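Just so it is clear, the values below take in all heavy atoms, side chains as well, and ignore hydrogens, waters and symmetry mates. Fair warning: this is a prediction, and the values are worked out from it, not measured in the lab.
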Amino acid sequence: MKLKNTLTRKIEEFVPLREKEVGIYLCGLTVYDRMHIGHIRSFIPFDILVRYFKYKGYKVTFVRNFTDVDDKIINRALQEGKTAQEIAETYIKLFYEDISHFELAKPDFEPRVTENIQEIIELIQKIIRNGYAYVSDGDVYFEVDKFKDYGKLSGMSKDDMLAGARVEVSEKKRNPLDFALWKQKKYDYEPSWKSPWGEGRPGWHIECSAMSMKYLGETFDIHGGGQDLIFPHHENEIAQSESATQKTFVRYWLHAGHLFIGGEKMSKSLGNIITVPQILNMFHPEVLKLFIIKSHYRSNIEISGIEDIKKEEKTLVNFYYNIEFLVDKLKINHEEINKVEPDESAVSNFEKALEEDMNTPEAISIIFSEYDKAIREGSKYTFLKFLKFLNVASDILGVFGRIQVLGRTSFIEDEIRRRCEQKGYNYEEICSLIEKRNELRKEKRFQEADEIRRKIMEIGIYLQDTELGSRKIPV
RNA sequence: GGCGACGUAGCCAAGCGGACUAAGGCAGGGGACUGCAAAUCCCUCAUUCCCGGGUUCAAAUCCCGGCGUCGCCUCCA
């Protein structure tokens with residue numbers, strides 16, 4: 001497996017610390033608001049990475065945190081007249097609800113800041129003891145000038161950072177670039193804990209150092225997140241962790257590109273977000289997944305309009321429709337699929353694509369080439385081999401696997417039902433209407449039959465008459 | 001100002017010096033099938049990879065110089 005390491009700026013062969021084992025830490029969310037599809041975008045590549053390692057027989061330890069203590073949570077709580085804890089709980093709950101639709105690999109650990117205060121305090125003490133941090137009026141700051149490698153991840157020198165001149169200046173700090181490890185409590189409404197430096201709470205960044213090392217060790221394999229976390233978040237994590245342990249913190253840093261909308265980065269501060277419930281109202285979650293996966297994980301994805309995403313729905317509909325048609329036509333069942341082996345070259349090409357720094361667009365094109373071959377040839381054996389391959393590929397990518405005969409729910413069926421529901425029809429009602437149309441067609445009363453098709457079309461279902469009868473296509 | 005990314009068909013998007021007369025998806029065109037039909041099948045759809053130089057037997061791929069988009073340097077996935 002080759003991966004682009006942000007630290008070295010190179011695509012490197014991944015060699016795990018311990019053979020056939022891999023530790024992965026993914027920066028989760030600060031829970032002060034509902035998640036949007038940009039978050040999903042950055043989670044998906046890591047989901048595929050985890051699945052792929054498992055598929056390859058690795059023992060994977062996957063950690064994804066919740067940052068549940070933070071200024072933004074406190075501010076939100078203040079606005080809504082609630083406690084910070086209530087805000088965090090609310091959004092953690094909504095997070096689980098939102099993310100469940102996307103069927104991402106479940107982390108082995110989901111630590112929260114509030115449950116790791118002791119670990120954080122101990123880590124800060126260690127950093128102070130090693131001479132990299134200082135106490136200043138109840139706050140603790142990391143002293144950037146003491147850590148000679150500061151800037152190695154983002155590729156910036158301290159002078160460069162200062163040139164930006166947008167750092168928070170404070171007389172409590174020795175250098176404007178110094179950042180807080182611990183913040184003294186100032187107001188009653190702030191959540192706080194006792195510490196050797198007085199009542200207070202952890203600064204941003206330190207929690208990820210403490211929690212990742214707790215579950216994965218002082219040095220671990222992979223740490224990931226969105227590109228925007230490179231600086232300052234991940235840069236600071238490195239500084240803190242390495243000055244505490246004097247060891248390499250993370251061996252491979254992976255960063256996912258962002259989602260753009262109308263030429264601007266999707267972000268809460270710009271207010272141009274599409275939330276998960278909004279997108280689910282329009283599309284099946286798999287549509288968004290495909291939209292995301294068809295671009296490389298490091299590239300930014302521009303959404304110029306909702307039609308961009310709609311195109312992927314069309315792709316999925318065509319794909320699934322044709323497969324299900326052949327499944328029915330060839331009368332294929334689950335047992336038969338399990339009797340064949342997947343096409344060897346298809347699997348090896350597919351793996352090769354993913355091993356090249358997770359080239360999912362390439363992997364998808366391989367699925368389509370195989371699909372073309374299988375559909376076109378129409379022989380049962382070739383098609384069975386394709387389905388078996390699809391079973392493997394879709395387990396890793398998390399798309400193209402919603403086929404009943406593979407033991408999953410059917411995408412087409414889901415979409416038909418969803419369209420009925422949205423327009424206030426019940427599924428059975430539509431089915432009997434289709435029956436009626438078939439009768440009319442037998443009697444060659446085509447005008448009336450076409451009228452029914454037109455009516456059903458208004459729900460977003462097109463009726464395609466085939467040798468196997470009328471089939472429903474979501475449009 | 002500093003650091004970095006990118007510029008491939010109408011749109012999205014692979015390509016990591018030689019099987020590129022450039023994958024794959026969506027859209028488009030022609031034909032077949034069909035009572036009709038946006039599904040399916042067959043054919044077609046970039047002589048060319050932002051521009052200009054250079055290196056090489058060989059470049060979309062490497063180097064230099066332009067031009068153009070964008071991100072990070074402040075909270076952010």
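Atom P of nucleotide B:G2 and atom CD of A:Glu235 are separated by 19 Å, given to the nearest angstrom. When rounded to the nearest whole Å, the span between CD1 of A:Ile261 and P of B:A77 equals 17 Å. With rounding to whole Å, A:Phe231 atom CZ is found 17 Å from B:A77 atom P. At whole-Å resolution of the value, NE2 in A:His255 and P in B:C70 are 23 Å apart. Here B:G15 presents its C1' atom at 16 Å from NZ of A:Lys4, a figure rounded to the nearest Å. As rounded to whole Å, 12 Å separates atom C1' of B:G28 from atom NZ of A:Lys311. The separation between A:Ile303 atom CD1 and B:C26 atom P is 19 Å, rounded to whole Å. Note: CG (A:Asn359) to P (B:C16) measures 10 Å, nearest angstrom.
Aromatic ring centres of A:Phe220 and A:Phe249 lie closer together than 6.0 Å. Ring centroids of A:Phe102 and A:Phe43 are separated by 6.0 Å or more, keeping the two rings apart. Between A:Phe53 and A:Phe14, the gap from one ring centroid to the other is short of 6.0 Å. Aromatic ring centres of A:Tyr297 and A:Phe46 lie farther apart than the 6.0 Å criterion allows.
Across all strands shown, B:G1 pairs with B:C73; the Watson-Crick or G-U wobble distances both stay below 3.5 Å.
At the heavy-atom level, A:Asp308 lies nowhere under 4.0 Å from the strands shown. Within 4.0 Å (heavy atoms only), A:Arg437 reaches at least one base atom of the nucleic acid. Heavy atoms of A:Lys265 sit under 4.0 angstrom from at least one base atom. Nucleic acid contact class of A:Ile230 (heavy atoms, under 4.0 Å, all strands): none. Using a 4.0 Å heavy-atom cutoff across all strands shown, A:Asp71 reaches no nucleic acid atom at all. At the heavy-atom level, A:Met266 lies under 4.0 Å from base atoms of the strands shown. Heavy atoms of A:Ser299 sit under 4.0 angstrom from primed sugar atoms or phosphate atoms, though from no base atom. Here A:Arg441 lies in heavy-atom contact (under 4.0 Å) with a base.
Among the nucleotides B:G71, B:C36, B:A38, the one closest to the side chain of A:Met457 is B:A38. Relative to the side chain of A:Thr30, the nucleotides B:G71, B:G4, B:A77 differ in distance, and B:A77 lies closest. In this structure, the nucleotide among B:G24, B:A13, B:C73 sitting nearest to the side chain of A:Met161 is B:C73.
Residue-to-nucleotide contacts include a donor-acceptor pair under 3.5 Å from the side chain of A:Asp465 to the base of B:C36. Contact annotation: side chain of A:Arg471 to base of B:A39, donor-acceptor pair absent below 3.5 Å. At a cut-off of 3.5 angstrom, counting only N and O atoms as typed in the model, there is no donor on one side facing an acceptor on the other between the side-chain of A:Tyr462 and the base of B:A39. On a pure distance criterion of 3.5 Å, no polar donor-acceptor pair joins the side chain of A:Asp159 and the base of B:G2. Residue-to-nucleotide contacts include no donor-acceptor pair under 3.5 Å from the side chain of A:Arg376 to the base of B:C41. Side chain A:Gln227 to base B:A5: no donor-acceptor pair is found below 3.5 Å.
A distance cut-off of 5.5 Å between ring centres, combined with a plane angle under 30°, places A:Phe446 in a stacking arrangement with the base of B:G35.
The aromatic rings of A:His234 and A:His223 sit perpendicular to each other, their planes meeting at more than 60°, with 30° as the lower class boundary.
The glycosidic torsion of B:A9 lies more than 90° away from 0, placing the base in the anti range.
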_A:Phe95/A:Phe66 under ring pair (Phe, Tyr, Trp, His ring centres under 6.0 Å): CA gap, chis, key distance, verdict_ = CA-CA 10 Å; A:Phe95 170 85; A:Phe66 286 112; 5.1 Å; yes
